[in-house]
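What follows is a single structure, written as structure tokens, with notes after it.
Whatever order the structure lists ligands and atoms in, that order sets their numbers, starting from 1.
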Amino acid sequence: MLTFILVESALETIPKEIQSHPSVTRNARSHGKNPAEILLDRSYHHAAMLKVRDAAKRGRPDLVHFALLEATSTPLYTDNSLAVFVHTYSDYVMNVEQGVRLPKSYFRFQGLIEKLFREKVVKSDDRLLLTLKKQRFDQLVSELDPSVTVGLSRLGERSDPNEVATQLSGEKKPVIVVGGFPRGHFSERISDHLNAVYSIHEYPLEAHVVIGRVLYEFEKVAKLSRAG
Ligand SMILES: C[S@@+](CC[C@H](N)C(=O)[O-])C[C@H]1O[C@@H](n2cnc3c(N)ncnc32)[C@H](O)[C@@H]1O
């Protein structure tokens, strides 16, 4: 089984220091919600975000939505051969259980994740769909105990999706790591725990493109090695 982790993801509820900012209270009121319970989103909270640390890396829940749809729409995930985790900027870890069909509509996704931050689990008919807990990336990695943890970054050693997939498929418990943020690169709290970092293209790519390319190659390589 391959494990995929989207790291330092731009997914969080409104941080305390800007909960009373007018752009936040206005947006929360218009949805009849408490400012502490809504997702930080640059599209609505740009003015408030000027006051938060690492603003360029935060407030893009839409990117996480794309990335998760990409990963959970693959045959690899359908076959229960892909475990999916989202590590967030503020050190929460969300586990997407096997066989989950995430909403394609962003507004339904937003509602689901806000419920997850409130209740820490989302179930359907007693079946666990999503869980959330406070956990750092290094803690998640030691819990998973992988045989190799490979990061993807434009700044990594130049490779291509097939080479990366071939290396991963030769491993017993491989973990692949992609950034869930719009700008910047892995911070040391991530890069210190990676065994290797590869670039799959000279251009900076969107996370969902990187995920689609590498998972597709992994599916092909894994199929070939099963057939051979
Ligand atoms: C939108 S990018 C983050 C922006 C960053 N400035 C960059 O150029 O990679 C999101 C993630 O996609 C992955 N990524 C983007 N371009 C890549 C590339 N050329 N090779 C490998 N991974 C890439 C990285 O994991 C990155 O953290």
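Across Val164, Asn162, Asp160, a single residue satisfies side-chain contact (heavy atoms from CB on, under 4.5 Å) together with Ile200, and that is Val164. Put simply, the residue from Val84, Val214, Leu215, Val175 that forms a side-chain contact (heavy atoms from CB on, under 4.5 Å) with Leu2 is Leu215. Among the candidates Leu116, Asn95, Val86, the single residue satisfying the side-chain contact (heavy atoms from CB on, under 4.5 Å) test with Leu130 is Leu116.
Aromatic ring centroids of Phe117 and Tyr92 lie under 6.0 Å apart.
Other residues, nucleotides and ligands contribute only 12 or fewer heavy atoms inside 6.0 Å of the NZ atom of Lys51.
Protein residues having at least one heavy atom under 4.0 Å from any atom of ligand 1 are Leu152, Ser153, Arg154, Val178, Gly179, Phe181, Pro182, Gly184, His185, Phe186, Tyr198, Ser199, Ile200, His201, Tyr203, Pro204, Leu205, Ala207, Val210, listed by chain and number.
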Using atom types as modelled, flag every donor-acceptor pair under 3.5 Å from a side chain in residues 99-110 to any protein atom, sequence neighbours excluded.
| from | atom 1 | to | atom 2 | distance (Å) |
| --- | --- | --- | --- | --- |
| Ser105 | OG | Phe107 | N | 3.3 |
| Ser105 | OG | Arg108 | N | 3.2 |

